[in-house]
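Have a look at this one.
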Amino acid sequence: MSVNPQRSQDVYRDAGKNVLFLMLSLNRQDQTNEKAAVEETADRLQAIKRSLNVRYPDSHLRIACGISSKAWDYLFPQAPKPKELEDFTGIKGDKYDAPGTPADLFFHVRADDQSLTYEVIDEIMTFLRPVTKVVDETHGFRYFEGRAIIGFVDGTENPVDADAVEWGIIHEEDPEFENGSYAFAQKYLHQMDAWKSLSTEQQEQVIGRRKFTDLEQGDEDKNQRAHNVVSQDNRNDVEHKIIRMNVPFSDPGENVTGTYFIGYGRYWDVTKTMLTNMFTKNDLLLDYSTPVNGQVFFIPSIDTLDKIADDEY
């Protein structure tokens, strides 16, 4: 096998206009039936995507599905395992903590038409509903011209094109799982009243960018606890990158608003370092944003999905 982004799932695409995130836990009552349901899902997933793309070619449907470390051990106890896949048990910071959430399966579906995100998950759950429980289901949306719900443009520093392939999918360092990826999913709730009470200049100090132009602040103007300072991984004088998407969600009548963060990467260790820096260096954004879940998942390549479907693990 060689590096080929056409054999990866949708880990380096746009965030989408309508987004559905789903975390599931296996019932762990009948391993044989539960494994069979996962194999059936792996077998049907690409067909579901192809069918909907034929019927709705302008919908820009994107799908990624993942498996957690504990689920991999449960479903495929004799199989090789992705090198960096581990259970995320949380990060304890000086001021704030990032919780780990027990979850087994993960789906990230996005499309221009919300009916397609519904259809994908409804069809998937035909196979998985009898053997799983829902841990979290979050429906997100594109906010204005791609801004986070707190008003700043999202994804400015994302790698693109060849760099997206370089940082987004696994290479020869783990040949069994080449063209796969690691995904970290984390849901935040925002204290929007407190955030909105800040002036634009104060908000810019929290983020480290200008709100309206999206220009990065100069080093001399930045707070050293600004989000875009402490959330980096610059080991060995190299800026390590991931493909990140911050998806807004809200129940405005209930005054519940937040961001669903999804980060895809070639290396889980890069995302983990960024998260550790945020919580141990007291990222200013955490004064207004509280994480309520989090887990890392392996996103299999198309070839690995085929192996799962064919019961080769």
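Along the sequence shown, the residues carry numbers beginning at 1.
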With side chain to side chain donor-acceptor pair (under 3.5 Å) as the test, would you mind laying out the steps for H190 and T257 before giving the verdict?
CA-CA 6 Å; H190 299 315; T257 296; over 6 Å; no

Rounded distance [0.5 Å steps], NZ in K241 versus CD in E157
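These two atoms lie 5.0 Å from each other.
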
What residues, two or more places apart in sequence or in another chain, satisfy side chain to side chain donor-acceptor pair (under 3.5 Å) together with Y264?
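Y264 satisfies side chain to side chain donor-acceptor pair (under 3.5 Å) with H108 only.
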
Please indicate whether E123 has more than 12 foreign heavy atoms, meaning atoms of other residues, nucleotides or ligands, lying under 6.0 Å from its CD.
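Yes.
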
Between Y96 and F279, ring centroids under 6.0 Å:
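Not close enough - the centres of the two rings lie 6.0 Å or further apart.
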
Any residue meeting salt bridge (charged side-chain N to carboxylate O under 4.0 Å, His left out) with D269, in chain and number order, not counting sequence neighbours
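So D269 forms a salt bridge (charged side-chain N to carboxylate O under 4.0 Å, His left out) with R235.
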
Do you see a donor-acceptor pair shorter than 3.5 Å between the side chains of Y74 and E34?
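Checked: Y74/E34 side chains pair up, N/O donor to acceptor below 3.5 Å.
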
In Å and rounded to the nearest 0.5 Å, what is the CG to CD distance from L75 to Q31?
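Rounded to the nearest 0.5 Å, the CG-CD separation comes out at 6.5 Å.
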
F106: which residues meet the ring pair (Phe, Tyr, Trp, His ring centres under 6.0 Å) condition with it, sequence neighbours left out?
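Result, ring pair (Phe, Tyr, Trp, His ring centres under 6.0 Å) vs F106: F297.
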
Decide side chain to side chain contact (heavy atoms under 4.5 Å, CB included) for L128 and L24; before the verdict, give the C-alpha distance in whole Å, the side-chain angles of both, and the deciding distance to 0.1 Å.
CA-CA 9 Å; L128 293 178; L24 301 172; 3.8 Å; yes

In terms of hydrophobic clusters joined by side-chain contacts under 4.5 Å, are L45 and F76 together?
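Shared cluster, yes.
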
Run the side chain to side chain donor-acceptor pair (under 3.5 Å) check on D136 and T138 step by step: do they pass?
CA-CA 6 Å; D136 181 81; T138 300; 2.7 Å; yes

Is it possible for you to say whether F152 and F261 belong to one hydrophobic cluster, with membership spreading through side-chain heavy-atom contacts below 4.5 Å?
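The answer is no; the residues belong to distinct hydrophobic clusters.
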
Please evaluate residues Q232 and N234 with respect to the criterion side chain to side chain donor-acceptor pair (under 3.5 Å), reporting the C-alpha separation (whole Å), side-chain torsions for both, the decisive distance (0.1 Å), and the verdict.
CA-CA 6 Å; Q232 294 187 20; N234 291 319; 2.6 Å; yes

Is there side-chain contact between E178 and E172, with heavy atoms separated by less than 4.5 Å?
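A side-chain contact exists here, since the closest heavy-atom pair is under 4.5 Å.
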
Please table the atom pairs, donor to acceptor, closer than 3.5 Å between any side-chain atom in residues 57-66 and protein atoms at least two apart or in another chain.
unit_1 : atom_1 : unit_2 : atom_2 : d
S59    : OG     : Y56    : O      : 2.8
H60    : ND1    : D58    : O      : 3.3
H60    : ND1    : D112   : OD2    : 2.7

Could you measure the distance from the CD atom of E145 to the CG atom of D154? Nearest 0.5 Å is fine.
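Here the rounded value is 11.5 Å.
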
Enter the distance from E86:CD to T89:OG1 here, rounded to the nearest 0.5 Å.
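Going from CD on E86 over to OG1 on T89, the span is 7.5 Å.
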
Would M125 and L52 show up in the same hydrophobic cluster when neighbours are defined by side-chain heavy atoms closer than 4.5 Å?
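As far as the 4.5 Å side-chain criterion goes, L52 and M125 are connected within one cluster.
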
Exceeds 12 heavy-atom contacts within 6.0 angstrom, atom NZ of K70
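Atom NZ in K70 is not crowded, with 12 or fewer foreign heavy atoms closer than 6.0 Å.
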
Would the distance check show the side chain of S289 and the main-chain N or O of L286 forming a donor-acceptor pair, the cut-off being under 3.5 Å?
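Absent.
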
With sequence neighbours left out, write down each residue that passes salt bridge (charged side-chain N to carboxylate O under 4.0 Å, His left out) with K211, or none if nothing qualifies.
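Salt bridge (charged side-chain N to carboxylate O under 4.0 Å, His left out) list for K211, sorted by chain: empty.
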
Of Y182, F184, F177, the residue whose pairing with W268 passes ring-ring contact (aromatic ring centres under 6.0 Å, His included)
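Considering Y182, F184, F177, a ring-ring contact (aromatic ring centres under 6.0 Å, His included) with W268 is found only for F184.
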
Linking I/L/V/M/F/W/Y whenever their side-chain heavy atoms sit closer than 4.5 Å, directly or via other members, would I308 and L85 fall into one cluster?
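Result: yes, single cluster for both.
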
Hey, what do you get for NZ (K17) to CG (L116), rounding to the nearest 0.5 Å?
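The NZ atom of K17 sits 13.0 Å away from the CG atom of L116.
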
Under the 3.5 angstrom rule, does the side chain of W72 hit a backbone N or O of P80 as a donor-acceptor pair?
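Yes, because the side chain of W72 sits within donor-acceptor range (under 3.5 Å) of the backbone of P80.
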
Side chain proximity check, Q202 to V206, heavy atoms < 4.5 angstrom
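No, side chains not in contact.
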
List for me each residue that meets side chain to side chain donor-acceptor pair (under 3.5 Å) alongside K49, sequence neighbours excluded, and say none if there are none.
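Listed in chain order: D10.
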
Scan side-chain atoms only and decide if N4 and S2 contain a donor-acceptor pair under the 3.5 Å cut-off.
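Side chains of N4 and S2: no pair found under 3.5 Å.
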
Do Y12 and W167 have ring centroids that are under 6.0 Å from one another?
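W167 vs Y12: aromatic centres not under 6.0 Å.
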
According to a 4.5 Å side-chain heavy-atom criterion applied to Ile, Leu, Val, Met, Phe, Trp and Tyr, with indirect links allowed, do V153 and L215 form part of one hydrophobic cluster?
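V153 and L215: separate clusters.
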
Can you check whether I299 reaches Q9 side chain to side chain, under 4.5 Å on heavy atoms?
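With C-beta onward as the side chain, the pair touches.
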
What is the distance from atom CZ of F127 to atom CD1 of I48, rounded to the nearest 0.5 Å?
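Atom-to-atom, F127:CZ and I48:CD1 are 5.5 Å apart.
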
Where do K81 and D73 land on the side chain to side chain contact (heavy atoms under 4.5 Å, CB included) test, with the steps shown first?
CA-CA 8 Å; K81 186 175 179 178; D73 293 340; 3.0 Å; yes

Side chains of D214 and T156 only: does a donor on one sit below 3.5 Å from an acceptor on the other?
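Their side chains do contain a donor-acceptor pair, which is all the 3.5 Å distance test asks for.
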
Is E176 paired with K307 through a side-chain N to carboxylate O contact shorter than 4.0 Å?
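Salt bridge present between K307 and E176.
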
Distance-minimising heavy-atom pair for N223 and V229:
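Closest approach of N223 to V229, heavy atoms only: O-CG2, 3.8 Å.
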
Over 12 foreign heavy atoms within 6.0 Å of CZ, F141
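It does: F141 CZ has more than 12 such atoms within range.
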
